[in-house]
2 protein chains.
Amino acid sequence: MTTNSTAADRFEIGAPHRDLLDQVLDKWSLLVLNELCERPMRFSELRRIIPAVTQKSLTATLRRLERNGIIRRVLLSTRPVAVEYSITPLGKTLRPPVEVILDWAAEQMPLIEQARRRYDDELDRPVAEQLR
Amino acid sequence: MTTNSTAADRFEIGAPHRDLLDQVLDKWSLLVLNELCERPMRFSELRRIIPAVTQKSLTATLRRLERNGIIRRVLLSTRPVAVEYSITPLGKTLRPPVEVILDWAAEQMPLIEQARRRYDDELDRPVAEQLR
DNA sequence: CTGCATCCAACTAGATACTG
DNA sequence: CAGTATCTAGTTGGATGCAG
């Protein structure tokens, strides 16, 4: 029998969360979320506002967020077709946690960059200690 | 001049954050972080506790976290070599935000799964509305 | 024990062309 | 306008063998 509970347990527990976070906190989702929290938007509006995203990736992102109940997709019967995306109540609950993380990132960024520079500098002189 | 500030601004601002989150909230980092917040650990301990990670990925994760100042790597001069990883003060500040996100995930998971089922079910009968 | 180097399979994402 | 379909280049991650 497996007696260790520290190990696999956490991984089993973490897996669905991991999966969810991957779907909801990925590269473009935060930006889309951000915009749709302001107001509902059309597909082409989102493209204009997030120029770096390709149409393919934006479609994928919107589909994924829609599937997870974070955003809503409404097809407007006009000519030509128009589609409006908007945030759902569930999606709104995601905002505060995301803000917390972003605040952390903003706050610690200086320390992070300092740590990066230090690390990278050390790699530049890997034999330094042998010289003295 | 560019009069719209809603657009590119956020993306410019968001990019470094995005980058940071990718490095720190990725697949294995949360698990490693979780363990090292308990106590310092050796490389092989981490492997044992997180069986699903390969040696390559674990090494990459540890390097990345070390570079960002989240964890510390101490080489113990024993025979054979031993390496101890531990959390840094900066790393500890990452815990609370991560907890917030995980709590959100845990809390909303039922709604998320419900949304997923609904979405998937609708795709199973794409012509349903045409039948009545 | 800890980790680097290499090869390779799988997935990702961009570019492009086409449709209701 | 809002996508789908396809092809392809680049990236990720596992498996394996070797080394300090």
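Protein chains get the first letters and strands the later ones, always in sequence-line order, with residue 1 at the start of each. Everything numeric here is computed off the predicted structure, so don't read it as measured data. Side chains are part of it too, since the values below use all heavy atoms of this structure and drop only hydrogens, waters and symmetry mates.
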Sub-4.5 Å side-chain heavy-atom contact between Gln23(B) and Arg116(A): yes
Along DNA chain C, first and last positions that approach a heavy atom of chain A under 4.0 Å: dA13(C) to dG20(C)
Sugar-phosphate, base or nothing in reach of Arg73(B), heavy atoms under 4.0 Å: sugar-phosphate
Non-hydrogen atoms of Ile87(B) and Cys37(B) that approach each other most closely: CD1-SG, 4.1 Å
Nearest non-hydrogen partners of Gly69(A) and Thr88(A), listed with the distance: O-OG1, 2.6 Å
Contact summary for Trp104(A) and Thr93(B), nearest pair of heavy atoms: NE1-OG1, 3.0 Å
Residues Arg118(A), Glu122(A): salt bridge by 4.0 Å N-O rule: no
Distance, rounded to the nearest Å, where Leu75(A) contributes CG and dG3(D) contributes P: 8 Å
Sugar-phosphate only, base, or nothing, as touched by Val81(B) at under 4.0 Å among non-hydrogen atoms: base
Backbone of Leu111(A) reached by a side-chain donor or acceptor of Gln114(A) within 3.5 Å: no
Contact summary for Ile101(A) and Pro97(B), nearest pair of heavy atoms: CD1-CB, 3.6 Å
Nearest atoms (heavy-atom pairs only) where Val81(B) meets Leu76(B): CG1-O, 4.1 Å
Presence of Thr54(B) side-chain N/O under 4.0 Å of dG13(D) phosphate oxygens OP1/OP2: no
Test: Arg64(B) and Asp26(B) ion pair at under 4.0 Å: yes
End axis versus end axis in the helix from dC1(C)-dG20(D) to dG20(C)-dC1(D), the angle rounded to 10°, five pairs used at each terminus: 50°
Nearest atoms (heavy-atom pairs only) where Glu35(B) meets Leu46(B): CB-CD2, 4.1 Å
N/O (side chain, Arg42(A)) to phosphate O (OP1/OP2, dC1(D)) under 4.0 Å: no
d(CD, Gln23(B); C1', dT11(D)) in whole Å: 15 Å
Neighbours of DNA chain D within residues 55-65 of chain A, by heavy-atom distance under 4.0 Å: Gln55(A), Lys56(A), Thr59(A), Arg63(A)
Which residue lies more 5' along DNA chain C, comparing Ser44(B) with Lys27(A) via nearest heavy atoms: Ser44(B)
Ionic contact status for Arg67(A) with Asp120(B), cut-off 4.0 Å: yes
